[in-house]
4 protein chains.
Amino acid sequence: MARGINKAILVGNLGNDPETRYTQGGMAVTKISLATTSVRKDRDGNNQEKTEWHRVTFFGKLGEIAAEYLRKGSQVYVEGRITYSEHTGDDGQKRYYTDIVADEMQMLGGRGEGGGGGGGGSYERGPRQPRQEYGGGGGQSAPRQQPAPSRQPPPVDDFSDDDIPF
Amino acid sequence: MARGINKAILVGNLGNDPETRYTQGGMAVTKISLATTSVRKDRDGNNQEKTEWHRVTFFGKLGEIAAEYLRKGSQVYVEGRITYSEHTGDDGQKRYYTDIVADEMQMLGGRGEGGGGGGGGSYERGPRQPRQEYGGGGGQSAPRQQPAPSRQPPPVDDFSDDDIPF
Amino acid sequence: MARGINKAILVGNLGNDPETRYTQGGMAVTKISLATTSVRKDRDGNNQEKTEWHRVTFFGKLGEIAAEYLRKGSQVYVEGRITYSEHTGDDGQKRYYTDIVADEMQMLGGRGEGGGGGGGGSYERGPRQPRQEYGGGGGQSAPRQQPAPSRQPPPVDDFSDDDIPF
Amino acid sequence: MARGINKAILVGNLGNDPETRYTQGGMAVTKISLATTSVRKDRDGNNQEKTEWHRVTFFGKLGEIAAEYLRKGSQVYVEGRITYSEHTGDDGQKRYYTDIVADEMQMLGGRGEGGGGGGGGSYERGPRQPRQEYGGGGGQSAPRQQPAPSRQPPPVDDFSDDDIPF
DNA sequence: TTTT
DNA sequence: TTTT
């Protein structure tokens with residue numbers, strides 16, 4: 001029985017093209033380096049930037065999709081879990097790695113330099129999440145023509161001045 | 001003391017330009033209609049699309065930023081909390097509303113039809129989250145030139161064929 | 001192809017025992033009412049509480065698990081997507097509903113009044129997410145006693161006084 | 001301007017009591033080791049468990065609260081951002097660390113071995129998030145007994161047999 | 001190594 | 001009402 005939630009949610013840009021390898025069994029393993037930059041004002045009122053570079057790994061079908069559609073510079077949404085591992089190098093030194101193992105990805109904006117195509121798309125992993133579709137175009141039904149909800153927005157003038165409602 | 005977590009995380013596109021009103025105290029209240037579309041294969045192997053339209057509200061400084069930068073078609077990341085309310089209409093009928101009250105937003109891709117400008121930017125709410133900066137350009141320090149981590153990726157060939165590692 | 005992310009993350013307590021119905025095909029559909037309470041200080045320094053009541057729906061195997069283990073008062077983690085629907089009542093009036101359709105759930109603390117057992121457990125939906133296991137009742141074993149990573153924490157004395165590092 | 005989202009959401013148990021240090025300026029820096037365990041069935045149908053140990057850091061007021069209320073074994077919800085750093089050890093070797101810097105925490109279940117009190121509580125960081133309150137010890141009151149919304153649930157019998165609605 |  |  002599982003106990004615990006371990007979830008990472010990232011939106012960032014790829015620092016390089018994805019790298020894909022295959023296991024002996026033929027499963028794609030695609031890795032990307034993903035930058036998330038945040039900014040804040042320091043005490044002197046200057047902007048301070050900090051970028052974190054995440055190692056993100058996509059397995060299986062999701063690895064194939066990442067390899068095909070992502071490129072250096074691509075903006076992407078990734079959801080996954082944080083994993084830690086250690087590997088002993090050739091020099092006998094242990095090295096520690098943190099990887100985000102992706103469960104879901106969504107391409108954003110589509111301004112990567114590389115791949116001609118792409119557009120935006122959302123994918124979940126492998127044969128495991130039949131709810132979302134991946135891959136080529138695929139017959140697409142007519143766009144939802146859902147009627148706008150008749151629910152009119154309530155008035156806003158009843159908020160207090162310096163406080164944001166719950 | 002607070003008990004509970006109430007968090008919504010959305011990535012979608014605006015169905016219309018934002019609408020902004022001001023409270024008597026001068027606080028901006030900006031509302032958008034945000035579409036999130038998901039797809040899955042049905043039993044016959046056909047793609048089924050479903051779009052949910054979320055009412056998202058931005059208060060205060062975040063409301064001003066949303067008003068300035070978001071446009072119909074804009075792609076945006078929104079984080080907030082789910083709120084339910086009821087209002088009695090002029091006909092005496094009660095109506096129920098669900099609103100996502102945004103704490104944070106991040107513009108994505110920037111391909112909205114409207115506003116010339118925009119670009120991408122991430123914002124948190126009002127004077128309350130000094131960690132993130134909002135607003136116009138602002139002096140930006142030199143781009144991080146952080147050295148790539150020397151940590152080399154571990155080999156991948158040790159994964160089993162039909163299974164994805166934890 | 002899916003576009004958009006629609007995710008709700010909730011931690012709260014059940015206001016009542018779950019209600020389960022079955023479709024003609026025999027699929028369990030379990031609904032709960034989940035309270036998330038947040039608190040803030042108002043301008044006068046007094047604590048203001050606000051509770052949101054979420055309608056959460058579990059389908060299929062996850063619905064069976066929710067029915068078996070959750071009880072009024074249970075604390076639970078729920079992840080899902082926000083859905084909106086309308087139904088016309090017997091009086092011809094349209095009514096609007098917002099439901100969180102759960103993808104994953106994790107029982108917490110286990111202090112529900114009802115069910116004897118429970119303990120904590122994390123579950124994903126149906127046959128669709130083989131990564132997580134459900135079932136096997138099981139009291140909650142002691143927290144993992146695994147040794148902390150040998151990676152020693154870096155020193156902390158280099159932080160500035162009034163500011164929190166990135 | 002910030003670009004990117006970097007968010008970790010964890011629910012797990014502490015492997016040890018928190019450790020707190022103070023900066024020269026008097027700011028609390030509390031670190032915990034947090035286990036998140038997940039389970040899946042392997043190809044042979046056996047349950048495979050995997051535990052990740054996260055280093056989580058709380059700064060400032062949140063650090064004081066974590067120090068006061070969390071204990072070895074406590075179950076906790078943590079939200080924060082993933083940060084990577086490197087430090088050179090006394091042996092001249094570089095070591096890499098991954099830390100989750102918490103923005104928000106919520107105590108769950110309250111079965112830690114240590115501190116008598118606690119109960120559940122949700123906290124955000126320091127003077128920076130006035131929306132949530134911390135402090136006020138307080139045993140955990142009964143789950144809100146507020147009446148469920150009068151909006152009646154729609155019927156469920158219209159779902160198909162083997163498929164879960166969007 | 002990315003991005004604006 | 002959006003988007004690909």
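It should be emphasised that the depicted structure is a prediction, and the values quoted were computed from it without experimental measurement.
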Next on the checklist: Go through it in stages, so that I can follow the logic: the residues are B/Ile82 and C/Ile82, the test is side chain to side chain contact (heavy atoms under 4.5 Å, CB included), and I'd like the CA-CA distance, side-chain angles, deciding distance and then a yes or no.
Outcome noted: CA-CA 9 Å; B/Ile82 310 170; C/Ile82 310 168; 4.0 Å; yes
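The CZ-C1' distance, from B/Arg71 to F/dT2, rounds to 15 Å in whole Å. As rounded to whole Å, 25 Å separates atom P of F/dT2 from atom OH of B/Tyr77. We find that CD of B/Gln106 is positioned 13 Å from C1' of E/dT2, with the value rounded to whole Å. Per the geometry, CG belonging to B/Leu14 stands 10 Å off C1' belonging to F/dT1, to the nearest Å. Note: CG (B/Leu108) to P (E/dT3) measures 15 Å, nearest angstrom. Look at NZ on B/Lys31: it is 20 Å from P on F/dT1, rounded to the nearest Å. Atom OH in C/Tyr84 sits roughly 18 Å away from atom P in F/dT2 (whole-Å rounding). The CG atom of A/Asn13 sits 11 Å away from the C1' atom of E/dT1 (whole-angstrom rounding).
Checked against F/dT1, E/dT1, F/dT3, the side chain of B/Ser33 finds its nearest nucleotide in F/dT1.
Shown here are the side-chain contact (heavy atoms from CB on, under 4.5 Å) partners of A/Ala66, two or more places apart in sequence or in another chain: A/Thr30, A/Phe58, A/Leu70, A/Met105. For A/Glu64, the side-chain contact (heavy atoms from CB on, under 4.5 Å) partners two or more places apart in sequence, or in a different chain, are A/Ala28, A/Lys61.
Stacking annotation: B/Trp53 is stacked on the base of F/dT1 (ring centroids less than 5.5 angstrom apart, interplanar angle below 30 degrees).
Below the 3.5 angstrom threshold, one finds a donor paired with an acceptor across the side chain of A/Asn16 and the base of E/dT1.
Taking the six-membered ring for Trp and the full ring otherwise, the centers of B/His54 and C/Tyr84 sit less than 6.0 Å from each other.
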